[in-house]
Amino acid sequence: MGKPELAGFARAHHVAFFDAMATELPGDYATQEVNHLTLAYFAVAGLSLLRELDRVNKDQIAKWVLSFQVHPEANCDVDNGLFYGFCGSRSTQSPLPYVKDPCHNGSHLASTYSALAILKIVGYDLANIDNKALLLSMKKLQQPDGSFMPTHIGAETDLRFVYCAAAICSMLDDWTGMDKLKAKEYILNCQSYDGGFSMVPGSESHGGGTFCAVAALHLMGFIQVDLASNLRDFVSIDTRMLLEWCLQRQVTDGGFQGRRNKPSDTCYAFWVGGVLKIIGADHLIDHCALREFLLTCQSPYGGFTKFPYGRIPDIYHSYYGLAALSLLEEEGLEPLHVELGILSAALASGDPGRSSQAHPGGGVLFLLPAALPMAGVGSTVRRLYLSVYNWVVFYGWAQVLYYAILALLESGHEAVYAAVERPLQFAQTAAIMEILHGLVGLVRSPVSATLPQIGSRLFLTWGVLWSFPEMHSHILVTTLVISWSITEIIRYSFFGTKEALGFAPSWLLWLRYSTFMVLYPTGISSEVGLIFLALPYMKASEKYCLRLPNKWNFSFDYMYGSILAILVYVPGSPHMFGYMLAQRKKALSKVKTA
């Protein structure tokens with residue numbers, strides 16, 4: 001085969017391919033009819049990665065997926081041994097002619113995972129599903145050794161279905177559907193001598209089995225969120241051997257192989273690359289080489305082939321080719337929640353510490369769509385720049401805190417603002433660069449989320465404190481400055497460490513997602529209080545007001561604009577606090593060990 005005609009990431013071709021797959025599958029897929037839900041997952045998830053989900057009717061898709069769920073009947077309760085999940089297709093919904101079962105049920109764990117993933121992607125609220133029957137019946141599929149049968153009529157048991165069960169529980173946010181400790185023991189028994197995981201105990205290590213094992217352990221909370229913690233702390237698995245095995249799977253052509261002595265394959269760029277992402281070691285991948293390999297697997301018709309320079313794509317490798325490029329932050333693709341195989345934006349709580357850099361110590365943050373990754377900057381240069389940026393701003397906030405405490409101890413709160421004015425203005429104004437970072441793709445934080453955060457802080461810094469000297473001696477300035485500075489010292493050191501080393505220690509992660517419980521109320525109260533106290537001075541001075549008549553035929557009253565800002569804080573602050581609590585629960589649950 002000659003080399004394909006496509007140069008670079010052919011996004012438009014891939015959109016056309018997945019659009020066609022979501023409309024009507026080619027006849028060659030007829031033999032896969034029993035896996036109809038899984039094929040639909042690849043098509044819908046592919047469009048979502050390409051930011052083209054609006055091409056399909058999401059309500060119709062949700063209705064279609066829900067039609068595959070099996071519900072208990074009056075004479076068939078959840079204790080009868082059946083699994084009340086989702087069938088894979090219409091044919092698996094129909095009883096076989098020789099089966100006399102009034103409660104015929106062909107539901108399957110893999111189909112159930114695919115169904116829930118699709119529903120998550122299209123925005124359906126999974127709270128509307130009969131979770132109780134699904135989870136209670138699923139738990140009966142777990143075997144004494146911790147593995148899972150995929151269906152109640154019996155079938156092979158291996159890591160694929162342990163992963164499906166863990167993903168189902170995670171998406172439903174209810175772990176009553178499995179015994180996590182038993183599942184963990186089964187997974188540990190599948191780790192081979194070389195560090196990888198086999199599908200069943202005692203077999204050869206395999207890229208797909210390794211992903212299922214690591215992703216399930218991560219979802220269950222048995223693996224840390226950063227490489228240093230996984231290497232240092234007791235996490236049950238041999239992380240060093242696992243890391244070595246995964247890194248050995250990237251071969252000379254830049255791609256990943258699934259097993260030793262096998263050719264590199266498109267799908268393993270995700271399966272093995274995803275493992276490295278989960279354990280915090282994705283920075284050790286040769287990103288450029290992997291991207292070049294994946295681009296050689298692009299079909300000229302859109303989609304991806306299994307091996308380089310093929311021409312006829314298949315939907316399986318096409319989806320995992322996109323998923324792997326998403327892990328590499330390819331421009332034009334959405335960020336992926338690796339462990340569940342769905343978009344980060346599809347999860348209500350997002351991806352802690354990655355989709356946005358919130359300001360827990362104050363500032364109004366609205367819950368907006370998750371960030372869109374934008375690539376195009378060399379990984380090493382990007383990390384070097386962001387590391388320097390974060391540590392420079394960290395130094396600015398450290399100065400603010402130092403001078404604030406020194407002035408407070410020596411002269412009282414009346415002297416705090418004068419002591420911190422210059423470093424405060426520098427450190428807070430430097431945050432404008434974060435808007436630029438989002439625009440050019442250096443970080444995943446979307447401008448739509450970053451702008452209101454930084455704007456509210458700049459309004460306090462320049463529009464209230466600098467503009468109205470009457471506020472300088474108020475005690476709320478001290479509480480504001482201390483709340484902001486401690487928050488930002490932790491935040492910038494967290495991201496600075498991650499950019500410099502590729503991970504952040506668990507204690508810093510804990511501070512990042514815990515100190516807001518004190519600092520957010522003190523910071524937000526100080527902000528609102530200072531704006532309110534400045535209103536009379538705004539009215540008396542008429543500073544920044546625009547009166548009629550003027551050539552623009554427009555008037556603006558700075559005081560009323562500030563009142564509007566206060567009104568925005570009222571609903572926004574409790575909402576944001578609840579959001580951060582959810583972020584904390586998700587982030588810290590992943591660092592718990594057995």
Side-chain angles (χ1 to χ4, degrees), residues 1-21 26 28-29 42-43 45-52 206-208 210-211 245-277 281-336 338 341 373-380 382 441:
M1 286 287 183
K3 291 188 178 182
E5 303 87 354
L6 303 179
F9 178 58
R11 184 180 182 279
H13 291 71
H14 300 314
V15 170
F17 174 83
F18 280 97
D19 191 22
M21 294 296 104
D28 290 344
Y29 287 97
F42 292 139
L47 285 174
S48 67
L49 278 173
L50 289 161
R51 308 174 190 164
E52 295 288 345
H206 184 276
T210 301
F211 175 87
W245 185 86
C246 288
L247 293 176
Q248 289 175 351
R249 302 284 71 76
Q250 188 169 22
V251 292
T252 54
D253 64 2
F256 278 88
Q257 58 183 188
R259 292 176 288 164
R260 293 180 185 273
N261 302 316
K262 294 291 184 179
S264 49
D265 180 331
T266 299
C267 67
Y268 292 110
F270 173 79
W271 295 127
V272 183
V275 172
L276 291 169
K277 182 81 169 181
D282 54 304
H283 60 286
L284 300 176
I285 298 173
D286 187 337
H287 285 215
C288 293
L290 179 57
R291 182 178 185 273
E292 290 179 6
F293 168 80
L294 290 170
L295 294 185
T296 65
C297 296
Q298 286 188 126
S299 167
Y301 311 113
F304 289 78
T305 57
K306 179 179 176 70
F307 300 122
Y309 306 124
R311 299 189 69 83
I312 307 302
D314 66 86
I315 194 169
Y316 172 84
H317 289 94
S318 295
Y319 170 70
Y320 286 113
L322 289 184
L325 285 169
S326 174
L327 298 185
L328 299 179
E329 301 186 6
E330 181 70 33
E331 183 175 4
L333 293 177
E334 283 275 6
L336 187 68
V338 184
M374 300 180 68
V377 180
S379 177
T380 302
R382 169 194 170 277

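FYI, side chains are in, hydrogens and waters are out, and symmetry mates aren't considered; it's all heavy atoms of this structure. All figures in this text were calculated on a predicted structure; none of them were measured in a lab.
What you find for Phe293 and Ser264 is that their closest heavy atoms are CE1-OG, 3.2 Å. Pairing each heavy atom of Thr305 with each of Ser299, the nearest pair is CG2-CB, 4.3 Å. Residues Pro300 and Arg311 come closest through the heavy atom pair CG-NH2, 3.7 Å. Between Gly302 and Pro313, the shortest heavy-atom contact is O-CG, 3.2 Å. Closest heavy-atom contact between Leu294 and Ala324: CD1-CB, 3.7 Å. Contact between Val272 and Gly207 at its shortest, heavy atoms only, is CG2-CA, 4.0 Å.
Side-chain contact, His14 with Tyr301: no donor N or O sits under 3.5 Å from an acceptor N or O.
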Gln248 vs Arg260, test: side chain to side chain contact (heavy atoms under 4.5 Å, CB included). Steps then yes/no.
CA-CA 9 Å; Gln248 289 175 351; Arg260 293 180 185 273; 3.3 Å; yes
Determine, stepwise, if the pair Glu330 / Arg11 fulfils side chain to side chain contact (heavy atoms under 4.5 Å, CB included).
CA-CA 10 Å; Glu330 181 70 33; Arg11 184 180 182 279; over 6 Å; no
Show, in sequence, the C-alpha distance, side-chain angles and deciding distance for Asp265 and Phe256, and conclude whether the side chain to side chain contact (heavy atoms under 4.5 Å, CB included) test is met.
CA-CA 6 Å; Asp265 180 331; Phe256 278 88; over 6 Å; no
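No donor-acceptor distance shorter than 3.5 angstrom exists from the side chain of Tyr268 to the backbone of Gln250, with no hydrogens or angles considered. A donor-acceptor pair under 3.5 Å is absent between the side-chain atoms of His317 and the main chain of Thr266, judged by distance alone. With Gln298 contributing its side chain and Gly8 its backbone, the two residues share a donor-acceptor pair below 3.5 Å. Ser318 places a side-chain N or O within donor-acceptor distance of the main-chain N or O of Asp314, the cut-off being under 3.5 Å. The backbone N or O of Ala289 lies less than 3.5 Å from a partner atom in the side chain of Asp286, making a donor-acceptor pair. In this structure, the side chain of Glu334 does not engage the main chain of Ser48 through any donor-acceptor pair within 3.5 Å. A donor-acceptor pair under 3.5 Å links the side-chain atoms of Gln257 to the main chain of Lys262, judged by distance alone. Side-chain atoms of Thr296 never come within 3.5 Å of backbone atoms of Tyr309 as a donor-acceptor pair (strictly under, hydrogens ignored).
Ring geometry for Phe270 against Phe211 counts as tilted: the plane angle lies between 30° and 60°, on a 0 to 90° scale. Below 30°, between 30° and 60°, or above 60°: for Tyr316 and Trp271 the angle between ring planes is between 30° and 60°, a tilted geometry.
Annotation: side chain of Pro263 is in contact with side chain of Phe307 (closest heavy-atom distance under 4.5 Å). The side-chain heavy atoms of Leu325 and Phe304, taken from C-beta on, include a pair separated by under 4.5 Å. Thr210 is listed as a side-chain neighbour of Trp245, based on a closest heavy-atom distance under 4.5 Å. Looking at Phe9 and Leu333, their side chains come closer than 4.5 Å, going by heavy atoms from C-beta outward. Counting only heavy atoms from C-beta outward, the side chains of Leu284 and Leu247 approach each other to under 4.5 Å.
Taking CG of Leu327 as the reference point, atom CG of Leu322 lies at 11.0 Å (rounded to 0.5 Å). Distance check, rounded to the nearest 0.5 Å: CG of Leu328 to CG of Asp282 gives 9.0 Å.
Applying the salt bridge (Lys or Arg N to Asp or Glu O under 4.0 Å) criterion to Asp19, with sequence neighbours excluded, gives Arg55.
Across Phe42, Phe17, Phe18, a single residue satisfies ring pair (Phe, Tyr, Trp, His ring centres under 6.0 Å) together with Tyr319, and that is Phe42.
Using a 4.0 Å cut-off between a side-chain N of Lys or Arg and a carboxylate O of Asp or Glu, Glu329 and Arg291 do not qualify as a salt bridge.
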